[in-house]
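Fair warning: this is a prediction, and the values are worked out from it, not measured in the lab.
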Amino acid sequence: MAGRKGADKALDLLKYLPRINKYNVFPNREEFSRRVRARGQHGGTTHGHGNKGSNKRCSYARAGFEGYQTPFYLKMPMEHYYNHFRGKRQYPPLSLGSLQLMIDTGRVDPTQPIDLTSLVNTKLYKIDPIERHFGVHLTDEGADAFTAKVNIEVQHAKETVIAAVERNGGVITTAYYDIDSVIALVNPQKFFETGKPIPLRKLPPEDAIPYYTDPKSRGYLSDPEKIADERFSLAQKYGYEYFDISKDPEYEMLTTRKDPRQIFLGLEPGWVVNLADKVILRPTDEVLQEYYNPQHS
């Protein structure tokens, strides 16, 4: 009974008290109080500043100061190939030996087309778009031991790399991706969770058009008939047997290629992938269909 009276008194008291807000709530000063020590208790006579000299007076020279003389970086002449260095496209290297190791250990499936997403999903090859990484540079290290038959898409490759892939009956394609496309390819799940539609892949810049339209570099914008002629010429140059893809039993896999404005294989630009409901939303508006349709762009 006494407890009931106490509860009633507390409720009656709350009727006349102001509502709690950020202007009438204060921290407990006793809880956070601490004793401030005097200066002489911080470590002896010098109080942590050492003895004489710059250590005591904190008169350090600025970074790059060379004693009132001309700094080294001003003595050297300007090199023009350093112009706009931070804005240049970077392509982290991946050797053929590392690619063969990924295939042998089951991290990459050679029976399916290989692109940037397949390589990043191995967790052995990393792409950082913040560092202006625009894709894969496939190098010829381990070319003699490369025996896989693959359909791979990279961003840069030399002639020796192309020969090593085509010697085994494989297909290699060099394709350009803008930085927004690279962000989507590196982590597709994170991109799909944003709810954004798949963007159109941009065309290469002016300085990259000659490379991606050259059949010798197997550019994705080059003529397929000229690429077949270059495959035959490269086989004669390096002395290996020429493989006719049209007669290959894996012809469908080897000839699978993305559209020049497509980012994900099997997914068209403009689609929205809903991972929660496991559905794909396609644009129904005629303006959006005309914009995202690669044939009209």
Side-chain angles (χ1 to χ4, degrees), residues 89 91-104 108-119 125 134-177 181 185 201 203-205 207-266 294-295:
R89 298 183 295 274
Y91 298 94
L94 175 68
S95 65
L96 286 172
S98 300
L99 179 60
Q100 183 66 50
L101 180 62
M102 295 177 185
I103 295 173
D104 294 341
V108 174
D109 186 7
T111 62
Q112 299 294 330
I114 302 172
D115 60 352
L116 183 60
T117 304
S118 303
L119 298 175
Y125 182 78
F134 277 75
V136 187
H137 176 202
L138 195 60
T139 62
D140 57 357
E141 182 180 357
D144 296 337
F146 187 75
T147 59
K149 182 179 180 181
V150 295
N151 178 10
I152 187 170
E153 179 189 72
V154 296
Q155 282 59 61
H156 196 277
K158 297 193 301 183
E159 185 182 79
T160 53
V161 176
I162 297 174
V165 174
E166 295 180 352
R167 178 186 60 194
N168 303 321
V171 176
I172 183 171
T173 306
T174 56
Y176 171 80
Y177 288 96
S181 302
L185 281 170
R201 188 189 350 172
L203 294 176
D207 59 341
I209 288 179
Y211 180 80
Y212 291 110
T213 55
D214 188 5
K216 293 184 179 180
S217 60
R218 306 301 187 265
Y220 73 116
L221 298 178
S222 58
D223 189 358
E225 296 181 358
K226 294 182 179 180
I227 291 179
D229 297 337
E230 291 296 335
R231 286 176 58 92
F232 181 73
S233 301
L234 195 63
Q236 290 182 329
K237 180 178 179 180
Y238 284 88
Y240 58 83
E241 183 182 357
Y242 170 70
F243 288 91
D244 190 2
I245 302 178
S246 60
K247 301 178 182 179
D248 196 289
E250 300 178 357
Y251 172 79
E252 184 177 355
M253 186 275 292
L254 295 175
T255 56
T256 302
R257 296 179 63 178
K258 299 179 184 178
D259 188 87
R261 307 303 298 273
Q262 189 179 7
I263 298 178
F264 298 103
L265 191 63
Q295 304 298 331

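Scanning for side chain to side chain donor-acceptor pair (under 3.5 Å) contacts around Asp214 gives an empty result, with sequence neighbours left out. Considering only residues two or more places apart in sequence or on other chains, Asp144 meets the side chain to side chain donor-acceptor pair (under 3.5 Å) condition with none of them. Remark: Ser217 pairs with no residue by the side chain to side chain donor-acceptor pair (under 3.5 Å) rule, at least two apart or across chains. Considering only residues two or more places apart in sequence or on other chains, Tyr91 meets the ring-ring contact (aromatic ring centres under 6.0 Å, His included) condition with none of them. A search for side chain to side chain donor-acceptor pair (under 3.5 Å) contacts involving Ser181 returns Asp178, not counting sequence neighbours.
Taking the side chain as every heavy atom from C-beta outward, Thr139 and Leu94 never approach each other to under 4.5 Å. Looking at Val171 and Val165, their side chains never come closer than 4.5 Å, going by heavy atoms from C-beta outward. His137 has its side chain out of reach of Val154: every pair of non-hydrogen atoms, C-beta onward, lies at least 4.5 Å apart. Side-chain contact between Met102 and Leu119: present, with at least one pair of heavy atoms (C-beta onward) separated by less than 4.5 Å. Looking at Thr173 and Ile152, their side chains never come closer than 4.5 Å, going by heavy atoms from C-beta outward.
Of the possible donor and acceptor atoms, none in the side chain of Arg89 sits under 3.5 Å from a partner among the backbone N and O of Phe134. Between the side chain of Lys258 and the backbone N or O of Ile263 there is at least one donor-acceptor pair closer than 3.5 Å. Remark: side-chain polar atoms of Asn151 are paired, donor with acceptor, to backbone N or O of Thr256 under 3.5 angstrom. A donor-acceptor pair is defined here as one N or O able to donate and one able to accept, closer than 3.5 Å; such a pair exists between the side chain of Arg218 and the backbone of Lys216. Although no hydrogens or angles enter the test, the distance criterion places no donor-acceptor pair under 3.5 Å between the side chain of Arg231 and the main chain of Asp244.
Ion pairing of Glu153 with Arg257 is absent here, as no side-chain N (NZ or NE/NH1/NH2) approaches a carboxylate O to less than 4.0 Å.
Looking at every heavy atom in both residues, Ser222 comes nearest to Ile227 through OG-CD1, 3.1 Å. The two atoms that bring Ser118 and Val108 nearest to each other are O-CG2, 4.4 Å, heavy atoms only. The two residues Ala148 and Gln100 come nearest to each other via the heavy atoms N-OE1, 3.3 Å. Here the shortest heavy-atom pairing between Leu221 and Pro260 reads CD2-CB, 3.9 Å. Contact between Ala143 and Ala164 at its shortest, heavy atoms only, is CB-CB, 3.9 Å. Scanning both residues, Pro93 and Tyr125, for their nearest heavy atoms gives O-CE1, 3.5 Å.
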- Task: With salt bridge (charged side-chain N to carboxylate O under 4.0 Å, His left out) as the test, would you mind laying out the steps for Asp259 and Arg201 before giving the verdict?
- Result: CA-CA 9 Å; Asp259 188 87; Arg201 188 189 350 172; over 6 Å; no
- Can Tyr212 and Tyr220 be said to form a ring-ring contact (aromatic ring centres under 6.0 Å, His included), step by step? CA-CA 6 Å; Tyr212 291 110; Tyr220 73 116; 5.8 Å; yes
- Query: Run the side-chain contact (heavy atoms from CB on, under 4.5 Å) check on Leu138 and His156 step by step: do they pass?
  - Reply: CA-CA 6 Å; Leu138 195 60; His156 196 277; over 6 Å; no
- Message: Go through it in stages, so that I can follow the logic: the residues are Arg167 and Glu241, the test is salt bridge (charged side-chain N to carboxylate O under 4.0 Å, His left out), and I'd like the CA-CA distance, side-chain angles, deciding distance and then a yes or no.
- Response: CA-CA 7 Å; Arg167 178 186 60 194; Glu241 183 182 357; over 6 Å; no
- Worked check of side-chain contact (heavy atoms from CB on, under 4.5 Å) between Glu166 and Leu234: CA-CA 9 Å; Glu166 295 180 352; Leu234 195 63; 3.8 Å; yes
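More than 12 heavy atoms of other shown residues, nucleotides or ligands fall within 6.0 angstrom of atom CD in Gln236.
Contacts classified as ring pair (Phe, Tyr, Trp, His ring centres under 6.0 Å) and involving residues 237-262 (residues at least two apart or in different chains) are given here: Phe232-Tyr242.
The CD1 atom of Ile103 sits 9.0 Å away from the CG atom of Asp109 when rounded to the nearest 0.5 Å. Going from atom OG of Ser95 over to atom CZ of Phe146 covers 10.5 Å, rounded to the nearest 0.5 Å.
Donor-acceptor pairing under 3.5 Å is lacking for the side chains of Gln155 and Tyr211.
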